[in-house]
Amino acid sequence: MNTTTNTTPIGRRIFSAIEGYIYLAPTLIILGVFVFYPIISSFNLSLTRVAPFGGAIRYVGLENYQRLFTEIIEGGEYWNSLRVSFLFMLGTVPTGIGISVLLAIALSYPLKRLSWFHRLLIFVPIVISSAVTGVLFRWLYNPAVGYINHWLTYVGVDPGPNWLSSKDWALTAVVLAVVWRQLGFNVIIALAGVQNIDSTYYEAAKVDGANLWHRIRHITLPLLSPTLFFLMIINVINSLQTFGEINILTDGGPGQATNTMVYAIYVDAFVGTPLRGYASAQAYILALLILFMSLVQFRGLGSRVHYS
Amino acid sequence: MSTITDTKNQQEVSESQTRSAWANLRWSDISLQVFLLTVGLIIALPIIIAIFTSFKSVTDINANPYSILPTEWTLENYRTAWNSVPFGRYLVNSAIQSSVIVFFQIAFSIMAAFAFSFLEFPGRDKIFYLILGSLMVPFQLTFIPNFITVSELPDQCMALIGESATICNSLGANTYFGLTVPFLASAFGVFLLRQFFLTLPKDLHDSARIDGAGNFRFLWQIVVPLSKGSISAFGIFAFLSAWSQYLWPLIITNEQSMRTIQIGIRFFLFDQERGVEWGPLMAGAVIVMLPTLIIFLVAQRQLVKGIAMTGLKG
């Protein structure tokens, strides 16, 4: 610092003008190379194809996008992964939000005892990784030794479904595992939303003689709508990005039953013969979808933080 | 809530009881306890039975697959897991990978957040929104180009400083550098710490300047000590997400000796070709989740507050 205090006022001015950039440099370099540059390079990549012999990279224009478009028209693999991603979203988003709002309302009741313990049990999956979630549920779903089918026999389901190797059940199996892992996060956000509701509304409703259901239906849920909206966007984005559980539980199968958009990108880019151009075209489409969801949510993020 | 904090705990409970959806439903106390405990146990059950199963002997698992508690507690599964794959090596790899990521994310985020909250320079706000905007770029878009970038680093390094430069070999795939480098900066961290730095009084900066302290000294001797809470909260988030990383370590390592523990447990499952040994696998899973479970138990309040405040998981 001595060097700066000893410089002339002009040198000092120049230094203070660039000093900010020095502090930003590491962050800007890393984000530049690994976030911003890929926005361009993955688009360039999506316009290329590796020649079958010799491995030379050829510029093919929009061929990869045309191929995706054809697959949508003809109901090919890409159409399937769009469909699976959509079903996965339908499976995870309403289930996750529904359960978490219910639990948040229950947790908002000021219990005198044990409320820390309930929270501990309900929140704990937030620190479990997707790899561990995959391993745990692969075990729980196992038809021979898994607990889930064993417990199902108690409610008269015997034999239970062959979760991971049945085309009809594999996606549901992944959905349940992912809903489980994300539940803690959803409950925390929902609970914060429930606790933010001004108590005077409830007092007024009490005077009007509204019962518990009426209060939840006409006060809690409507006033929770900004939180619900936020949860919906975040959960849609998360559902479009789910990877680890699929990789461990089903590897995209059986057949193509759990081959979501993300999973298809990974398989095309890294499994067998790498089709990085084709995978990048898919990544670009997926990224635009996610970007759209993020933009919708972005304004919400600003106001949330301002608020708290 | 601030009006309630100075009253006694007992009053607080009864007062907020009348002020929630639950007003005047005292009977529901017991049924709610039962409901929440049941739901909580169901949610935590996969973790609980995994932990118990990891202490069951293999014969116990085969004889009583669905009992929750072990008939006899044993460390047999941990020994089997530890000896069949290099779990020790995986742990070391994950520890190095996570601590490098956490260290640099904290350091770089502090620096950037400081620039955004205390310094003035042209384009400051535009750059801040650019960094914030990077949060919207999904990993799915960046991971293929990043894989290519990192894989080509050794060759580019050699082209730059010579074929014989052995240091170049520590930059590509299957290296700690390759595992960590895309994550050394965090837009989330910059955002979070800037939010906190903005709450610090500007006078601090002025008086430090009058005392002759440069910005660097002011940052490390005044701002950082005052922000320990926010910095450690961010550190916890950074650690949790670094430790749990899956897709990047999966593609950037193909040598067993460089796998992180998340990838290690995946291959431990996949490599058992005939009949998976669930006991050792659960022991492995417990080893993988232990660090994050401990953090959860110790820092649950901070974690929950952080998520509720920012709406982000890190």
Side-chain angles (χ1 to χ4, degrees), chain A residues 1 4 17 19-20 23-24 26-27 30-31 34-35 38 41-42 106 108-110 112 118 121-122 124 127-132 135-136 139-140 145 147 150 185 188-189 192 199 202-203 206 212 215-216 220 230 243-244 248 262 265 269-270 276 279-280 283 286-287 290-291 294 304-305 308, chain B residues 13 16-17 19-23 25 32-33 35-36 40-41 43-44 46-47 50 65-66 108 111-112 114-115 119 121 134 136-138 140-142 144-146 182 184-185 190 195 214-217 240 244 246-247 251 262 265-266 269 278 285 288-289 292-293 296 304 307-309 311 313:
Chain A
M1 280 305 104
T4 64
E19 194 182 6
Y23 285 96
L24 292 183
T27 298
I30 297 290
L31 294 182
F34 294 105
V35 178
S41 67
S42 77
S108 73
Y109 180 85
K112 289 186 196 73
H118 303 317
L121 293 176
I122 291 171
V124 67
V127 293
I128 305 301
S129 68
S130 50
V132 170
V135 168
L136 290 186
W139 169 57
L140 295 173
V145 300
Y147 283 73
H150 172 68
F185 173 78
I188 289 170
I189 300 287
S199 56
Y202 293 115
E203 282 159 16
K206 201 184 91 186
L212 174 66
R215 284 189 293 246
I216 290 173
T220 314
F230 174 78
F243 177 80
I248 290 181
V262 172
I265 294 169
F270 292 100
R276 302 231 161 97
S280 294
L286 175 64
I290 294 174
L291 185 74
S294 306
R304 263 189 85 79
V305 172
S308 58
Chain B
V13 167
S16 47
Q17 237 168 7
R19 287 185 175 186
S20 72
W22 293 98
L25 289 174
L32 252 189
Q33 288 279 10
F35 171 74
L36 285 172
L41 282 174
I43 290 171
I47 300 168
Y66 305 120
F108 292 166
M111 287 166 63
F114 177 71
L119 304 181
F121 50 90
S134 78
M136 294 195 294
V137 181
Q140 285 67 34
L141 187 66
T142 61
I144 299 172
N146 288 348
L184 295 186
V190 175
Q195 290 294 116
N215 282 326
F216 191 74
R217 244 181 78 195
L240 288 178
S244 305
Y246 189 77
L247 180 54
I251 61 175
Q262 308 287 344
I265 189 83
R266 179 227 199 226
L269 169 73
W278 296 101
V288 183
M289 59 184 166
T292 54
L293 275 180
F296 176 73
V304 170
I307 292 174
M309 251 171 56
K313 269 189 290 186

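Each chain gets a letter, A, B and so on, in the order the sequences are listed, and its residues count up from 1.
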Trainee: Looking at chain B, which one of A:Leu136, A:Val135, A:Val124 has the largest number of heavy-atom pairs inside 4.5 Å, strictly under?
Mentor: A:Val124
Trainee: Shortest non-hydrogen contact from A:Ser42 to B:Pro145?
Mentor: CB-CG, 3.4 Å
Trainee: Taking side chain as everything from C-beta outward and backbone as N, CA, C, O, which of these in B:Phe108 sits under 4.5 Å from a heavy atom of chain A? Side chain, backbone, both or neither.
Mentor: both
Trainee: Sort B:Leu36 into side chain, backbone, both or neither according to what part of it lies under 4.5 angstrom from a heavy atom of chain A.
Mentor: both
Trainee: Is it the backbone or the side chain of B:Leu119 that comes under 4.5 Å from a heavy atom of chain A, or both, or neither?
Mentor: side chain
Trainee: Among all residues two or more places apart in sequence or in another chain, which pass the side chain to side chain donor-acceptor pair (under 3.5 Å) test with A:Arg276?
Mentor: none
Trainee: Against chain A, label B:Phe114 side chain, backbone, both or neither, depending on which of its atoms sit under 4.5 Å from a heavy atom there.
Mentor: side chain
Trainee: Closest heavy-atom contact between B:Val190 and B:Ala112?
Mentor: CG2-CB, 3.8 Å
Trainee: Which region of A:Ile122, side chain (C-beta onward) or backbone (N, CA, C, O), has a non-hydrogen atom less than 4.5 Å from a non-hydrogen atom of chain B, or is it both or neither?
Mentor: both
Trainee: Can you confirm whether B:Pro46 sits close enough to A:Leu140 that some side-chain heavy atom of one is under 4.5 Å from a side-chain heavy atom of the other?
Mentor: yes
Trainee: Taking the side chain as everything from C-beta on, heavy atoms only, tell me whether A:Val127 gets closer than 4.5 Å to B:Met289.
Mentor: no
Trainee: Please classify the contact between B:Val137 and chain A as side chain, backbone, both or neither, with a heavy-atom cut-off of under 4.5 Å.
Mentor: side chain
Trainee: Checking the side chain of A:Tyr23 only, and the main-chain atoms of B:Phe216 only, is there a donor and an acceptor separated by less than 3.5 Å?
Mentor: yes
Trainee: Who among B:Ala50, B:Pro138, B:Ser244, B:Ala44 has the most heavy-atom pairs with chain A under 4.5 Å?
Mentor: B:Pro138
Trainee: For the interface with chain A, which of B:Leu247, B:Val288, B:Leu184 has the highest count of heavy-atom pairs at distances below 4.5 Å?
Mentor: B:Leu247
Trainee: Tell me, out of A:Ile248, A:Ile128, A:Val132, who's got the most heavy-atom pairs with chain B below 4.5 Å.
Mentor: A:Ile248
Trainee: Which atom names give the shortest non-hydrogen contact between A:Leu121 and B:Gly40, and what distance separates them?
Mentor: CB-O, 3.5 Å
